[in-house]
Amino acid sequence: MDENGKDLAEVLERISGENAEIVIENVDMPAFLSLNRGYSFYGKLVYKTSQEELLIQVRKDSDIIGRFTAFYTLVDREKLRLLKVPNAVPSEDFVELYYRLLNDRQLLERQEGSS
């Protein structure tokens with residue numbers, strides 16, 4: 001996905017083992033990876049991604065599952081940081097993101113319409 005949430009490439013791969021490597025050629029560098037779209041894979045994807053990539057994904061991914069898993073990863077990272085650093089407070093980036101999500105009318109309407 002690019003920085004606006006537009007698909008750069010779409011690949012469907014069957015994974016039959018514990019580990020897999022997927023190579024996508026002739027594509028610009030993505031702003032973030034949107035994996036397991038629509039929760040099409042029953043399992044856990046483990047891959048390295050930056051805080052900035054996750055923040056962009058939560059804001060821009062067109063796939064609600066991708067947005068949720070990116071947010072979940074950010075929450076886990078934030079909780080671990082707060083546990084490790086004495087007297088730490090939530091980061092400004094996390095608080096701003098949380099506030100944006102709570103005030104995102106389109107996201108709220110999307111959720112209401114899907115139940």
Would you sort out whether Leu55 and Phe94 count as a side chain to side chain contact (heavy atoms under 4.5 Å, CB included), showing the intermediate values?
-> CA-CA 9 Å; Leu55 288 167; Phe94 184 79; over 6 Å; no
Path from Leu82 to Leu54 over hydrophobic side-chain contacts below 4.5 Å | no
Please table the atom pairs, donor to acceptor, closer than 3.5 Å between any side-chain atom in residues 11-35 and protein atoms at least two apart or in another chain.
{"unit_1": "Ser34", "atom_1": "OG", "unit_2": "Arg37", "atom_2": "NH1", "d": "2.5"}
{"unit_1": "Ser34", "atom_1": "OG", "unit_2": "Asp61", "atom_2": "OD1", "d": "3.2"}
{"unit_1": "Ser34", "atom_1": "OG", "unit_2": "Asp61", "atom_2": "OD2", "d": "2.7"}

Check side-chain contact (heavy atoms from CB on, under 4.5 Å) between Phe68 and all other residues, then give those that pass, not counting sequence neighbours.
-> Tyr72
Given the rule that I, L, V, M, F, W and Y join up when any side-chain heavy atoms are under 4.5 Å apart, are Val58 and Leu102 in one cluster?
-> yes
Quick one: salt bridge (Lys or Arg N to Asp or Glu O under 4.0 Å) partners of Glu96, sequence neighbours excluded?
-> Arg100
For Asp104 and Arg59, run salt bridge (charged side-chain N to carboxylate O under 4.0 Å, His left out): C-alpha distance rounded to whole Å, both residues' side-chain angles, the deciding distance at 0.1 Å, then the answer.
-> CA-CA 10 Å; Asp104 185 337; Arg59 292 181 185 125; over 6 Å; no
Which atom of Gly66 lies closest to which atom of Gln57, heavy atoms considered | O-NE2, 3.3 Å
With sequence neighbours excluded, what pairs up with Asp93 under the salt bridge (Lys or Arg N to Asp or Glu O under 4.0 Å) test?
-> none
Just do the side chain to side chain contact (heavy atoms under 4.5 Å, CB included) check on Ile56 and Met1 with the steps written out, would you?
-> CA-CA 10 Å; Ile56 294 170; Met1 308 296 254; over 6 Å; no
Which salt bridge (charged side-chain N to carboxylate O under 4.0 Å, His left out) pairs, counting each pair once, include a residue from residues 75-85, with sequence neighbours left out?
-> Asp76-Lys79, Glu78-Arg81
Kindly work out whether a path of hydrophobic side-chain contacts (I/L/V/M/F/W/Y, heavy atoms less than 4.5 Å apart) joins Leu74 to Val95.
-> no
Set of side-chain hydrogen bond (donor to acceptor under 3.5 Å, both in side chains) partners for Thr73, sequence neighbours left out | none
Looking only at atom types and distance, does a side-chain atom of Asp2 sit under 3.5 Å from a main-chain N or O of Asn4, one as donor and one as acceptor?
-> yes
OH of Tyr98 to CG of Leu101, rounded to nearest 0.5 Å, is 9.0 Å
